[in-house]
Amino acid sequence: MSTNSRLKTSKFIDETSRISFKFNNKTYYGFKGDTLASALLANDVHLVGRSFKYHRPRGIMTAGSEEPNAIVQINDGTAVTEPNVRATEVEIYEGLEASSQNCWPSVNFDIGGINNLLSPLLPAGFYYKTFMWPASFWEKYEYFIRKSAGLGKSPTQPDPDIYEHQYIHCDVLVIGAGISGIMAAKTAAKNGLKTLLVDEKPILGGNTIYKDNEDTSINNQTPSKWISDQINELEKLDNLEIKKRTSVAAYHGYNYLLARENLTDHLPIHERKNKIRQRLLKIRAKKVITSTGALERPLVFNNNDRPGILLASALKRYSDLFGVACGKKNVLFTNNDSAYETALSFINKGIKIEAIIDIRENPNSKLVKKIEENQIKIFKGYTVVDTSGYKRINKVSIMQLSKDGQKVVGNKIEIPCDCLGMSGGWTPAVHLFTQSGGKLSFREEDQVFIPKIYTSKQISLGSCNGDFSLDSIIKNIPGQLKQFFEINSTEFDNLDIESNEDLSKRNIWLLPSDKIFGKTKPFVDYQNDATAKDIKLALREGFRSIEHVKRYTTTGMGTDQGKLGNMHALGIIADTAGVKMGELGTTTFRPPYTPLTFGTIVGRNVGEYFDIFRKTPMHDWHEQNKAEFENVGQWKRAWYYPKNNENMHQAVQRESKAARDSAGILDASTLGKIDIQGTDASEFLNRVYTNAWSKLAIGKCRYGLMLNEDGMVYDDGVTTRLDENHYIMTTTTGGAANVLGKLEDYLQTEWPELDVYLTSVTDHYATASVCGPNSKKILQKIIPDLDLSDDNFPHMSFKNAKIDGVKCRIMRISFTGEHSYEINIPASYGKSLWEKCMEAGKEYNITPYGTETMHLLRAEKGFIIVGQDTDATLTPIDLQMDWIVSKKKYDFIGKRSLYRSDTIKEDRKQLVGLLTDDPNEVLEEGAQIVADANKKPIEMLGHVTSSYYSPNLNKSIALGVVRGGKKMLGQKLIIPMENKNINVTVSDPVFLDKENKRLNA
Amino acid sequence: MFVISCPYCGEREQSEFKAGGEAHIERPKQPTELSDDEWAEYLFMRKNIKGIQYERWNHAHGCRKWFNMVRDTSNDEIKAVYKMGEKPPSV
Amino acid sequence: MLNFQTAINDQKNFSEIKLNEISPIRKLILRGKSREFLSAVGKTINILLPTEPNTSSSNGEITIIWLSPDEWIIFSNSIDNQDFNQIEEKLVQNICKTKLGAVIDVTDQFVMINLTGNKIFDLFQKGSPFNFNEFRNKKGATTQTLLAKIDVIIQNKDQNDINVFVRRSFSRHLYSWMSDSASRL
């Protein structure tokens, strides 16, 4: 049933390489260079989909990225499937399988087509009006609506393709390689500017590349010959990079643009292996030239959406570039001269034209006359009032327009046809310009919005700037480029241009029909099935703002963002409401210009590169010893080390017990370490910590609590005085970068007079923390010559030492409450040090423990973890840590906030211990704490922050914050859970060894 | 995404920087002398201007230095950058 | 004996790029602001600290990279350089003890990765927002920026010969990312 509509050779199509592909499971053939759309049209396939709401048959309408109808699913059922792809942009390759969307069971017989008959029941806002209530039913409605409103199918398998990002810095970015872009890029590059030229199509030259009718010439050559010579020269320029198949998606401030470069989508699937599929270009350009061209407007008339109705310019592109005649009996319908260019191409190629319908009363340009000389019937002052043909147009009905264009008069004439080309003039593609923040002005004479105020170093050139004729482009661009680049001349200054172009146009946004308006179907937004009726209804219902009309009618809200119909919607609103279009403004053009794949947006940040993993020097050992890891900040920390199929609980119980009974070892390398030097180092610490530092002796360590200026606990850690003016501060693992940032902030901005230097040395040191009653013996084995007696090396002090000749620092500090040493050694020796400790500790059953056991051990001692037991709403007083807040110091960060009216309240949430009545019941962290579970609504007093089963105490212990908790010691509270209430007693937060005897054990 | 001219390192992409809120709010030298309201004024109150705003920025992924910036929040135009301790330029 | 272990312990040869961890390289951070500091450093190590942003200076033995108006990184040009201990001692003596500034050993804080080949900047473009257009032709140019979201110091050592300094804990991740990207250049 398919017939071949391919014309004689087109130089852009490689007829020696035939390609087979499938559309809706049927095999077709095309050639290299074809798009899916051109190949289908060459096979005389027009019907490619069903419309969104009414399921009307729809065909290919355009030849570019503005396509609203020919939206297909590519390679359905495979991992590389992609929905919502424009057939006009897909380049065919061997093995391509495409299928229609939004139809069931098939595009030829679609059950949803009944919606077309029901359309009087489906006006604008139908969904809003109908499915509003009962609210609880929405989920049920949604299922059916989603199913009938087909937007293609998401892939269900992981994406096998690779994507990446690329930053590009250039002097000049030229967007669009039509004639304007080619002239601009060449001028820029030849003036020594690093230039990037991008175009969304695989061929450069815009529509000039196939402009070879005899009526126009540049320097006595056809425009197509002239521009291909220009492109050949362009490709040889050193400082010019050309990226084809590259669509600019977004234009942000400071000339920052995002573009998608398509690298493999045109290749057969087996040739794509290990290649980047798409690349997100992050372009920063000193200057931007937008030469994105213009989009031809459809005409809005009754039944203007049938398969076989295309833009006149698309018909020309298909015949001149792809060598495809879209119809055998063609009718053209226009309000300007553009369609006559198509007619001229058709005449030259022997494609039959039945008639031209021109709504202008007296078109009389040279071009029109030339067409008339070719015996083509032109109906002047006529309009199409209706079309017929269900799956393909077969007839147009035309009538004469009244003088004012508001109605039709006279007799109806019917013209059989199988293809209708329409042209409503041109709309400058100002999308990117407005995204950049540029402001538009409205040009009354031809009813277009054009760029007016630029917000960055950029210009718009050519038809996207409202210069639609080749003549004006050639004449204007050299001057614009000279001004923009501040140069004296361009090679295009004296081009000889011959052109017959005539720009006269008769603009009628909504063309009248002989039928009453309510019975017509004049589509404005094809993709979302919004008609002129819907827009008028919205206005009748009181919508005034165009942004509201847009949302109510969904005009312009499809994947094509209303590239074709938005201007008509505005025009119809303006006409109906009696306002001027220039005053109405436009809806917002949002990025991306054409849809982006998620892959492109994400780039290489997937899998192992999704997030950064920091690893300690001992990481390989943990891995080799089967540790489970926990993410802490960006670090991978050993969480626990399961042995013999232990689960987490069993491993943690074993590790915790071993650490208290004999010896444990923890990788503490992730703690932040800040080297502090300078004559004011002590004063600096006084100001940033709540406690006093001046009197800390050299060689001693001290625990410090750091607040925010609002008095809330920010970070904690031990700081050691290494020398008179030299300290080393440790911070929490997650807080390291922020603490350094905050301290630098104070140093640089509030206290620049202080002589203090802060330098991160977190990564320089590996830290092994050995704890437990046998830790001393183990350390002695490693460093035999160090006096470990309590007199020489007491708790909270440090020693320089050497292990096998390698310098290290040993701090006798403890986060577990056990006798404990932290050995800090240059990272290159970290793993070896760890192994040495393990070897030395073997006889004491030294047990490596992870972060979970560390948390349990410190909870037994009631030590807080900033960020777990605190959440930026707790002061040191709330934490029952009054002892660490110096009363004598005049000032420190956050001090003043500790006696604000709010922070001194007695019923603030305060940290307490919680003991369950049943010692085997372990609370859930985050569980709510209440006093009375019967009174409704239940009053929440606080929540559990830490909870464990302590193998050393043989009972469940927990920390929590409770309103007024300090005064509740011994009081019974309730933790209401889903199925039961758990009874707890408020206790002291220190559960084990209150006297700190174990520290010196 | 701005291009910010660090007063030390020159023009860099915004992703190298961190914003630090309103500039020229000096920490009171004697906080203990202040009433709750006065302290709250320093602690909490910030302007949110449409138009010319003085801001603090930090070249966090570069030289780590803090500096000040004058920005028109209505169009994101950066009017000036200047080092900490320098007088704000009039724009 | 304690064993020395490099951070990455790998090298990669791609057709256009070679990646190689250079270790052990001694490194120090120097901090100071005053004129006296600058001249004391100059006298101690016989080379002036570069005061122009984004530059480095170098003699046969050591290289110094400007990091900030009061911060420099100084590193040995050769691996396992025993003379560097003397340099460190002298600096501590003449800078720290005299209260002119600070000297911090960061030998293991930073891992030095050397890249050679003609597509190094194509690789950087995949993950760094920095504008390398001028940098690539300026021997001795340096920058601190982001690469694959990780803080790095980059030094243009010579044509097609670039050093990257990265904090040790990030080094394997960065190296893996660079290898992945380089494999497709």
Side-chain angles (χ1 to χ4, degrees), chain A residues 162 164-171 194 274-276 279 282 284 603-605 608-609 611-617 619-620 634-635 669-670 675-679 723 725-726 755-766 803-807 825-833 835-836, chain C residues 1-7 9 23-24 27-34 67 70-71 73 95-97 99-111 122 124-134 146 148-151 166-174 176-177 180-181 183-184:
Chain A
I162 306 170
E164 70 176 17
H165 292 173
Q166 182 180 358
Y167 291 86
I168 297 179
H169 299 262
C170 57
D171 294 321
K194 186 177 153 66
N274 293 324
K275 289 181 184 154
I276 301 287
R279 198 179 267 154
K282 302 175 167 183
R284 184 73 77 172
R604 203 67 196 96
N605 301 318
E608 66 172 302
Y609 306 116
D611 198 4
I612 296 165
F613 291 133
R614 299 177 71 177
K615 290 173 179 169
T616 76
H619 186 88
D620 289 347
Q634 291 173 318
W635 289 95
S669 307
T670 62
D675 180 279
I676 303 173
Q677 293 188 46
T679 50
D723 207 337
N725 300 316
H726 193 182
D755 175 35
V756 175
Y757 296 103
L758 307 175
T759 307
S760 169
V761 288
T762 302
D763 295 47
H764 180 65
Y765 293 104
I803 300 176
D804 296 343
V806 181
K807 278 190 207 165
I825 199 160
S828 296
Y829 296 98
K831 189 179 169 221
S832 189
L833 167 72
E835 285 162 345
K836 198 175 177 81
Chain C
M1 275 304 289
L2 287 181
N3 296 318
F4 179 90
Q5 197 194 27
T6 55
N9 197 19
S23 169
K27 308 169 199 90
L28 299 172
I29 292 272
L30 283 181
R31 305 292 305 266
K33 291 175 183 145
S34 63
L67 296 180
D70 59 3
E71 185 171 6
I73 185 167
I95 305 300
C96 298
K97 301 287 183 215
K99 300 178 184 174
L100 287 174
V103 180
I104 302 102
D105 185 1
V106 288
T107 299
D108 281 357
Q109 172 81 356
F110 293 102
V111 169
D122 300 69
F124 288 168
Q125 273 200 323
K126 312 287 164 135
S128 176
F130 184 75
N131 182 352
F132 288 101
N133 289 347
E134 284 179 18
L146 292 163
K149 299 174 280 182
I150 294 171
D151 286 273
V166 59
R167 289 174 68 166
R168 184 176 172 119
S169 59
F170 292 99
S171 62
R172 283 200 199 168
H173 186 92
L174 181 69
S176 163
W177 181 90
D180 171 75
S181 207
S183 71
R184 279 184 301 273

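Convention: sequence-line order gives letters A, B, ...; per-chain numbering from 1. Basis for what follows: all heavy atoms, side chains included, without hydrogens, waters or symmetry-related copies.
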Non-hydrogen atoms of [X] and [Y] that approach each other most closely:
X	Y	answer
A:Tyr829	C:Asn3	CD2-O, 3.5 Å
A:Ser760	C:Gln109	O-NE2, 3.1 Å
C:Ser169	A:Trp635	CB-CH2, 3.3 Å

Gap between atom [atom2] of [Y] and atom [atom1] of [X] - 0.5 Å precision:
X	Y	atom1	atom2	result
C:Ser176	A:Phe613	OG	CZ	11.0 Å
A:His165	C:Ser128	NE2	OG	14.0 Å
A:Thr759	C:Leu28	OG1	CG	11.5 Å

Residue pair [X] / [Y], side-chain heavy-atom distance below 4.5 Å:
X	Y	result
C:Cys96	A:Gln677	yes
A:Lys615	C:His173	no
C:Gln5	A:Ser832	no
A:Asn605	C:Lys149	yes
A:Glu164	C:Asp180	no

Checked C:Ile150, C:Ile29, C:Asp105, C:Thr6 vs chain A; the most non-hydrogen pairs under 4.5 Å come from C:Asp105
Top contributor to chain A contacts, counting heavy-atom pairs under 4.5 Å, from C:Pro129, C:Ala102, C:Ala7: C:Pro129
Enclosure of [X] [atom1] (heavy-atom neighbours >12, cutoff 6.0 Å):
X	atom1	answer
A:Lys807	NZ	no
C:Lys33	NZ	yes
C:Lys99	NZ	no

Can you tell which part of [X] gets under 4.5 Å to a heavy atom of chain A, answering side chain, backbone, both or neither?
X	result
C:Thr107	both
C:Asn131	both
C:Phe130	backbone

Looking at A:His764 and C:Asp108, would you say the former's side chain and the latter's main chain have a donor-acceptor pair under 3.5 Å? yes
Please check this pair: side chain of C:Gln125 against backbone of A:Tyr167, looking for a donor-acceptor N/O pair closer than 3.5 Å. yes
Pick whichever of [options] has the most heavy-atom pairs under 4.5 Å with chain C.
options	answer
A:Gly830, A:Ala766, A:Pro826	A:Pro826
A:Asn274, A:Thr762, A:Asp723, A:Leu833	A:Thr762
A:Val761, A:Ile168, A:Ile612	A:Ile612

Tell me, for [X] versus chain C, whether the close heavy atoms (under 4.5 Å) come from the side chain, the backbone, both or neither.
X	result
A:Asp171	neither
A:Arg284	neither
A:Gln634	side chain
A:Ser669	neither
A:Ile825	side chain
A:Thr670	neither
A:Thr616	neither
A:Leu758	backbone
A:Val806	side chain
A:Lys836	side chain

Intermediate values then yes/no, side chain to side chain contact (heavy atoms under 4.5 Å, CB included), C:Arg172 and A:Asp620: CA-CA 12 Å; C:Arg172 283 200 199 168; A:Asp620 289 347; 2.8 Å; yes
Working note: A:Ile162 + C:Arg184, criterion side chain to side chain contact (heavy atoms under 4.5 Å, CB included); need CA distance, chi angles, decisive distance, verdict. CA-CA 10 Å; A:Ile162 306 170; C:Arg184 279 184 301 273; 3.8 Å; yes
So, are A:Asp675 and C:Arg31 salt-bridged, with charged N and O less than 4.0 Å apart? no
